[in-house]
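Have a look at the structure below, then the notes.
Read the numbers this way: they start at 1 and go in the same order the structure lists the ligands and their atoms.
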Amino acid sequence: MAKGRSQFVCQNCGAVTSRWSGKCESCGEWNAIVEESAANPLGGPKTSPRKGRTVTLADLSGSEPQAPRVLSGIAELDRVTGGGFVRGSAILIGGDPGIGKSTLLLQAAAALAKAGERVVYVSGEEATAQVRLRAERLGLSDAPVALAAETSVEDILATLSGERPALVVIDSIQTLWTAMAESAPGTVTQVRACAHAMIRYAKQSGATVVLVGHVTKDGQIAGPRVVEHMVDAVMSFEGDGSGPFRVLRTTKNRFGPTDEIGVFEMTGLGLREVANPSELFLGDRDQSSPGTAVFAGMEGTRPLLVEIQALVAPSPLSMPRRATVGWDGNRLAMILAVLEARCGVRFGANDVYLNVAGGLRIVEPGADLAVAAALVSSLSGVALPPDCVYFGEVSLTGRIRPVGHAGARLKEAEKLGFGSAVVPEAVVGDETRGRALGVQGVAALADLVADIAGGRSRPAADGNRVSGRGGQKTLPAGARTQGSPDRPAWPQMPDDEDWVREA
Ligand code: TYD
Ligand code: MG
């Protein structure tokens, strides 16, 4: 394309069009199309076509050393990166404004610098004095971090060429600009060109480059998704801004796992690592109210107990509200549908709210059983036993499907003093036997509903008990005598409440 010609680029998805329009054809976003110069968007030098040279083709086999890593010294951060920053890699960290990205990276930079590594921290958002003040507040003023407040990529690269840093932090990628692209800073073209230049620097120099990225209103890292494809790892720093807890999560990692999380607490002295997050997420729960269930979850290799809170309240609306915080709304709709269709529990005239306590976001389907327990408990007004944990996936047929790591989940619950667990029937076996806590296997969601309604969801601590098929002794007398597998009969409710449809 000739230099000086314009193109129109959607700032949401990066689609390029030849004319402006109010709505992006490819992603549907309104008012996101901006005119940018079409000249050489990646900023590579313009050269006349040259003859290619042959490259040596290699075999897949052959021993490669493990990727060399630098430990940041912050255990929760190293867990998420998969054992430290990989030299020569580029990492993008996104998160809401004020969540603590700059604080985390300054702490990591200081820890590395104190360990004797060369660290350069480039802030495009704050002046040097502001970063110094923050370091003072964090008690890190004595760490030998090299600091710069700069936004020009050319100047940053020129400065870095005289150094051999192990870590370069760029806070943030949206504030950078390069003369190689002609658009305004923050536009897709600029962000892409700047990210490209910094990633190329990382590969050439062997330094780890950490880029901070802003997120848009709906939680995506601002700028084109293409930056996420360019970097080696993408992390998001999440949390409920009003609470102290923060979770660092990987969504992409070319050198490590993507299911690990790092848990931090924001204190007056910066971010503190939380080594036992279960204690924290269960901190001050209200044990006697209906509508709460403790989910024994897994985040990567680490078990994590969290409280699921449900509120089912009569709705004044013709279209009752369903709202979730920390859980997938579609998944809630599915659980409600299964409860209605397979267990005869009616939610139709009620608003339903679901919340994961502590600002955590759960993506594991293993939380289904705990969610269902909390929903039924709230609807029926029957509080669940406070020392009971739940895990298991609910299928559309109403069966409870097994989930992995049952042993680790139960061990964590035991460690925190829980006395019983309700688990999928299929995982009851060697892993669950001989434990200090009582394990109850459930085969179908209807069994759980019956148990909650009968106030019997507390298995004895002396062994495994199975309800449902072959284990009907746990159900209220006569509860399932007329049912068929497709259409089970409904248990008698304690005081004949109208929340269960007549069979
Ligand atoms: P910051 O790291 O600037 O967030 P981001 O870079 O993600 O925008 O964090 C700012 C917030 O953290 C601010 O609301 C104040 C709070 N904070 C503390 O509570 N304690 C501290 O020691 C520091 C440095 C910040
Ligand atoms: Mg910041």
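Note on R246 versus E238: no salt bridge recorded, every NZ/NE/NH1/NH2 to OD/OE distance being 4.0 Å or above. A salt bridge is defined here as a Lys NZ or Arg NE, NH1 or NH2 lying under 4.0 Å from an Asp or Glu carboxylate O, and D232 with R254 meets this definition. Salt bridge status for R79 with E273: absent, with no side-chain N to carboxylate O gap under 4.0 Å. Ion pairing between R409 and E364 holds under the 4.0 Å rule for side-chain N and carboxylate O. Between E163 and R118 there is a salt bridge, since at least one side-chain N of the basic residue sits less than 4.0 Å from a carboxylate O of the acidic one. Looking at E412 and R302, no side-chain N of the basic residue comes within less than 4.0 Å of a carboxylate O on the acidic one, giving no salt bridge.
Applying the salt bridge (Lys or Arg N to Asp or Glu O under 4.0 Å) test to K114 and every residue at least two apart in sequence or in another chain returns D142.
Residue pairs meeting the salt bridge (charged side-chain N to carboxylate O under 4.0 Å, His left out) criterion with at least one member in residues 329-339, sequence neighbours excluded, are R331-D368, R331-E393.
Listed by chain and residue number, the protein N/O/S atoms under 2.8 Å of the Mg ion (ligand 2) are S102 OG, with waters left out.
Of the residues listed (V263, V247, L304), the one engaging E299 in a side-chain contact (heavy atoms from CB on, under 4.5 Å) is L304, and it is the only one.
Residues of the protein with a heavy atom under 4.0 Å from ligand 1 are D96, P97, G98, I99, G100, K101, S102, T103, R134, R137, L138, M266, T267, G268, L269, G270, listed by chain and number.
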